[in-house]
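Since the structure comes first, as C-alpha cells, the remarks are kept for the end.
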Amino acid sequence: MKKWYAVLGDPVSHSKSPAMHEAWFEENGLDASYVPVHVPEGTVGEAVQALKTLGASGWNVTVPHKQAIIPYLDEIDPLAEQMQAVNTVSLLPGGRLRGSNTDGPGFVGSLEQAAGTGLKEKKVLIIGAGGASSGIALALSQAGYRSVSVCNRTVKKAEAVAARTGGEALSLQEAERRLGEFGIVIQTTPVGMSTGSSGLPLGLQNLSPGAVAADIVYSPLETEFLKAAAATGCKTVDGLGMFVFQGALAFERWTGILPDTQKMKDRLMNEMGNTDVNGKTEKLLEK
Ligand code: ATR
C-alpha cells in the first residue's frame with residue numbers, strides 16, 4: 001500500500017517540506033506521498049490520533065507543536081528528550097510512536113558539508129540562546145565539538161545553554177570584543193530574518209578572517225550577518241542547508257535511506273531564483 005507522511009504546523013501552507021520529501025520519494029523509487037496538515041495550537045493530540053487512525057507512517061512537527069506533541073508519543077530519543085522538542089515522529093512496528101529531533105544534527109551535517117573537515121577542534125560561539133541555539137549546542141557537543149560557548153542579549157539564558165555544553169556564557173558586548181577567539185560563529189537569533197528586525201545581533205569587526213560563519217536563517221538566504229562575515233573574508237554557511245539536512249535525517253529515519261542533500265539544496269535555490277550565498281542574485285525564500 002502507498003505510504004504517506006505529513007508535516008503538522010501552524011502556519012504550514014508555505015512549507016517546502018512536502019515538495020522536498022516527494023522529490024526524494026521519487027528519486028529513490030518509493031511509492032509514498034507527503035502532505036502539509038494545518039494543526040492549530042492546542043489540537044495536536046487530536047491530530048496525532050487522526051494520523052494514527054488514517055495510517056500515516058511518520059510525520060514532521062513544526063511550530064507551535066514541537067514540545068506539545070511529547071505527551072502523545074510512546075518514546076522519544078535522548079537528544080529530543082534533552083531538548084524537550086520533537087520535529088520527527090516515526091511509526092515503529094507494533095504501532096508505537098517514536099519522537100526524535102533532527103534540527104540540531106541537521107545543522108551539524110550542513111556545516112560539515114559546506115565547511116569541510118577539521119572543524120571539531122575549532123572554538124564555537126553560538127549567538128542566541130533560544131530553542132534553536134540549545135538544539136545546535138547539544139548536537140555539536142554530541143558530535144564531538146570540543147568547545148561550544150554561547151552569547152546572548154539575556155546572559156542568564158546563555159548560561160543555561162552553555163551549562164549543557166560546558167562552554168562559556170557571554171554577553172553580546174563581551175562576545176563582540178572576544179570574537180577573534182572563535183573559529184566557528186553561529187547566528188541563531190531572528191535578527192536578519194525577512195520578517196524580523198534587520199541588522200546584526202553584534203558587531204563583527206573582530207571576527208577572524210579564517211573563521212566559519214553560519215546563519216540558521218534562510219529567508220533571506222544571504223543575511224546581513226553572512227554579508228558582513230563574507231566581507232571580512234570568512235567562509236559562510238547559509239541556513240538552507242540546515243533545513244534540507246533536518247529533512248534528510250527525518251527521511252532516513254522513515255526509510256533507511258539518506259537522500260542527496262546537495263542536489264536538493266541546488267534544486268531549491270534554482271526553483272526560487274537564488275544562487276549560493278556567495279553568488280550574485282537572491283530572492284526571498286518562503287518558509
Ligand atoms: P528559537 O526558539 O526559534 O531559537 P527564540 O526562543 O525566540 O527562538 O530565541 C530567540 C533568541 O534570539 C533569544 O536568545 C533572543 O534573545 P533573548 O533571550 O535576550 O530574548 C535572541 N534575540 C531575539 N531578538 C534579538 C535582537 N534584536 N538582538 C539580539 N538577540 C535577539
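All values below were derived from every heavy atom in this structure, side-chain atoms included, with hydrogens, water molecules and symmetry-related copies excluded. Owing to the predicted nature of the structure, the values given are computational and were not obtained by experimental measurement. Order of listing sets the numbers, starting from 1, for every ligand and every atom in it.
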Quick one: are the ring centres of Y5 and W254 less than 6.0 Å apart? yes
Sorted by chain and number, the residues that approach ligand 1 to under 4.0 Å with a heavy atom: G128, A129, G130, G131, A132, N152, R153, T154, K157, T189, P190, V191, S197
Rounded to the nearest 0.5 Å, what's the gap from CG on N60 to CZ on R253? Could you check? 11.0 Å
Ring center gap for F251 and F25 short of 6.0 angstrom: yes
Donor on one side chain, acceptor on other, Q187 and T223, under 3.5 Å: no
Quick check: closest heavy atoms across Q246 and T102, and the distance to 0.1 Å? O-OG1, 2.8 Å
Under a 3.5 Å threshold, yes or no: a donor from one side chain and an acceptor from the other, between D103 and N87? yes
